[in-house]
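Within every chain, numbering begins at 1; the chains are lettered A, B, ... in the order of the sequence lines, protein sequences first and strands thereafter.
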2 protein chains.
Amino acid sequence: MTKADITEPFLKRLRVSTEIDEEDERAIRNLPMSVKRMAGGEPIVSLGDRPSACCLVVDGFVLRSKIVGTGHRQILAFHQPGDVPDLQSLFLHVMDHDVSALGNSVLGFIPHAPLRELIKRRPNVAQALWRDTLTDASVFREWICNVGQRDATSRVAHLVLELYTRLTAIGRADGRSYSFPATQALLADAVGTSVVHMNRVVQELRSKGLLDFDRGRITLLDEARLREIADFDGLYLHLDPSL
Amino acid sequence: MTKADITEPFLKRLRVSTEIDEEDERAIRNLPMSVKRMAGGEPIVSLGDRPSACCLVVDGFVLRSKIVGTGHRQILAFHQPGDVPDLQSLFLHVMDHDVSALGNSVLGFIPHAPLRELIKRRPNVAQALWRDTLTDASVFREWICNVGQRDATSRVAHLVLELYTRLTAIGRADGRSYSFPATQALLADAVGTSVVHMNRVVQELRSKGLLDFDRGRITLLDEARLREIADFDGLYLHLDPSL
DNA sequence: CGAATTCTTGACGTATGTCAACCTTGGTGG
DNA sequence: CCACCAAGGTTGACATACGTCAAGAATTCG
């Protein structure tokens, strides 16, 4: 994998997000970056850390989570290639949650200093990154609605559609299915249910012919009905910045 | 109320957040702003809008919310004096949720153009504002945990402590109590329970001598126990930027 | 091939939602 | 100043989605 390949998913996202000129792209490609492979579950940064680099997802998935008082884990977000899950560490110095690899992943670590320099020198890039953190926030808001208002079936359908929509946008969905190396326990942590109940939901969705979830692959069998059940409207993803 | 009074809560926040010099402060004070009084419940911007100004909370409270498919409302955030709840509209052009006044409030509307200009000219201010939107996101994450993992009693205690901590930080708490003009129905929308159950919880907290909630005023009667019940740790508020 | 995950099932308890009525309070107008 | 009204608060009865526990079956992986 060449260095160009590594920044490509990132550049691709920034390009749709704002006007990025040749000079901007060059500056991004010239960022110092140490590439690292990580296994599923491996921690990237943790609660209380004061990271000195940000982590660009190159391949695979990254998740953000928090452990609550009961010892249970709440997953807060999933990140795909092109995302920088801990960009916030540039300005919020202490981590308020954990970041870890979902499946086997390839990550690029960019030290804070050159990233700060980039932001100072290239206002377009700064704006694109800021925008990115704002859409992150928008996704968090929708997750609040998800866990706060919808029942378990609806929540799962919603999550599945969110991932599908975002992966499609970066060309990583494979027709109506996509690879997502999660266990049912992990999905349960994401939507705030127990493993047992998650299993009931998965079976219900399967038996109704709505979706399949097997060996780390999610397949949408009836997207239209899923959208109904999920109460899904992708507006909050802000995928089309021209709007 | 003079113009200086109006920007003061805002400046106060920015000062602790980053290095803001005299020049920065002057630029902020010179922002064009139209001040408006709003009654409780009045909409400020709504889902689908494309606002051309941002709204600074000068006095009172502002809330952000979303209506889900069932018709129920999920409240996503409460904002206090000094906050700019819809700063995101600078970069995400279509609103993905509603913003409205909680009680009677005073708001300052700042057109996008001069705000963009400010951000371009004054990188310190830009950074402070970016940081602000990042702590917003951090609060969203904690709300996800709240509705996803904690029981109703714990959720209410957590919300009450969050508000208390943030209001104390800007000097708007009155000892161990603070004004918060909410009904039980509104609290229910914030923590994702029914009104009936919210009432049960409020009575439980009252009868155990933990807190009181009456006529728009919340009083913490036993902060230590509340913190336990709430599983509250204020780290996520990022109130001390030196950390 | 064995061991560890992951998935699945059933029985059971409970937190919380819904419905429907009633009570309290604060504000308004006569 | 009282009568009234609307909004908010309170109650009880009942239904249910979901959690927990515990065991067993099916995968996956070394």
Side-chain angles (χ1 to χ4, degrees), chain A residues 39-42 68-74 102-104 145-159 179-208 211-218 229-231, chain B residues 39-42 68-74 102-104 145-159 179-208 211-218 229-231:
Chain A
E42 223 176 308
V68 300
T70 56
H72 289 182
R73 175 176 72 160
Q74 173 70 49
L102 172 44
N104 297 331
C145 292
N146 216 24
V147 288
Q149 301 292 344
R150 300 194 250 260
D151 67 18
T153 310
S154 180
R155 270 179 256 179
V156 174
H158 198 282
L159 174 58
S179 150
F180 192 68
T183 63
Q184 290 186 10
L186 192 136
L187 287 187
D189 286 351
V191 303
T193 71
S194 65
V195 190
V196 172
H197 199 64
M198 175 54 64
N199 184 261
R200 295 194 268 248
V201 169
V202 167
Q203 284 182 60
E204 180 204 351
L205 290 170
R206 263 207 280 258
S207 75
K208 288 187 179 164
L211 74 81
D212 194 29
F213 172 59
D214 188 41
R215 262 168 288 186
R217 174 156 285 272
I218 291 175
I229 292 171
D231 177 32
Chain B
E42 223 176 308
V68 300
T70 56
H72 289 183
R73 176 176 72 159
Q74 174 68 50
L102 171 44
N104 297 331
C145 291
N146 216 25
V147 288
Q149 301 292 342
R150 300 194 250 260
D151 67 18
T153 312
S154 180
R155 270 180 257 179
V156 174
H158 197 282
L159 174 58
S179 150
F180 191 69
T183 63
Q184 291 187 9
L186 191 134
L187 287 187
D189 286 350
V191 302
T193 71
S194 63
V195 190
V196 172
H197 199 63
M198 175 55 64
N199 184 262
R200 295 195 269 249
V201 168
V202 167
Q203 284 182 62
E204 181 204 350
L205 290 170
R206 263 207 279 260
S207 75
K208 287 187 178 163
L211 74 78
D212 194 29
F213 172 59
D214 188 41
R215 262 169 287 187
R217 174 155 287 271
I218 292 175
I229 290 170
D231 178 32

Worksheet, complete the sentence: Out of dT8(C), dC18(D), dT10(D), minimum distance to the side chain of Arg155(A) belongs to dC18(D)
Worksheet item: Asn199(A) has an atom CG; how far is it from atom P of dG19(D), in whole Å?
Response: 13 Å
Worksheet, complete the sentence: Arg150(A) atom CZ is separated from dT16(D) atom C1', nearest whole Å, by 20 Å
Response to the item:
With the side chain defined as heavy atoms from C-beta on, Val196(B) is closest, among dT20(D), dC18(D), dG12(D), to dG12(D)
Practice prompt. Figure out the CZ/P separation between Phe213(A) and dC7(C), and round it to whole Å.
Written response: 6 Å
Worksheet entry | From dT20(D), dT9(C), dT10(D), nucleotide with atom closest to His72(A) side chain | dT20(D)
Item to complete: Please determine if Arg200(A) and Glu204(A) form a salt bridge, counting it only when a charged side-chain N lies under 4.0 Å from a carboxylate O.
Response: no
Discussion item. Side chain of Thr193(A) only, heavy atoms from C-beta on: which candidate in dT8(C), dT11(D), dG19(D) is closest?
Written reply: dG19(D)
Discussion item. Nearest 0.5 Å, please: how far is OG1 in Thr193(A) from CZ in Arg155(A)?
Written reply: 6.5 Å
Worksheet entry | Nearest to side-chain heavy atoms of His197(A), which nucleotide of dC18(D), dT8(C), dG17(C) | dC18(D)
Worksheet item: Would you say dC18(D) has OP1 or OP2 under 4.0 Å from some side-chain N or O of Arg200(A)?
Response: no
Discussion item. Distance check needed: dC7(C) P versus Asp214(A) CG, whole Å only.
Written reply: 9 Å
Practice prompt. Could you tell me whether the phosphate oxygens of dC7(C), OP1 or OP2, come under 4.0 Å of any side-chain nitrogen or oxygen in Gln203(A)?
Written response: no
Worksheet item: With a 4.0 Å cut-off on heavy atoms, is Thr183(B) in touch with a base, just the backbone sugar-phosphate, or nothing at all?
Response: sugar-phosphate
Worksheet item: How long is the line joining CD of Gln149(A) and P of dT16(C), in whole Å?
Response: 14 Å
Worksheet item: Roughly how far, to the nearest 0.5 Å, is the CE atom of Met198(A) from the OG1 atom of Thr153(A)?
Response: 9.0 Å
Worksheet item: Are any of the side-chain heavy atoms of Phe213(A) and Leu187(A) separated by less than 4.5 Å?
Response: yes
Worksheet entry | Whole-Å distance separating the CG atom of Leu187(A) from the P atom of dT6(C) | 12 Å
Worksheet item: Rounded to whole angstrom units, what separation is found between the CD atom of Glu204(B) and the P atom of dA15(C)?
Response: 10 Å
Worksheet entry | Non-hydrogen atoms of Asp189(A) and Arg73(A) that approach each other most closely | OD2-NE, 3.0 Å
Practice prompt. Give one of base, sugar-phosphate or nothing for Gly216(B), where a contact means two heavy atoms less than 4.0 Å apart.
Written response: nothing
Discussion item. Measure CZ/Arg215(A) against P/dA26(D) and give the value in whole Å, please.
Written reply: 15 Å
Item to complete: Choose from dC21(D), dG9(D), dG17(C) the nucleotide whose nearest atom is closest to any side-chain atom of Gln184(B).
Response: dG9(D)
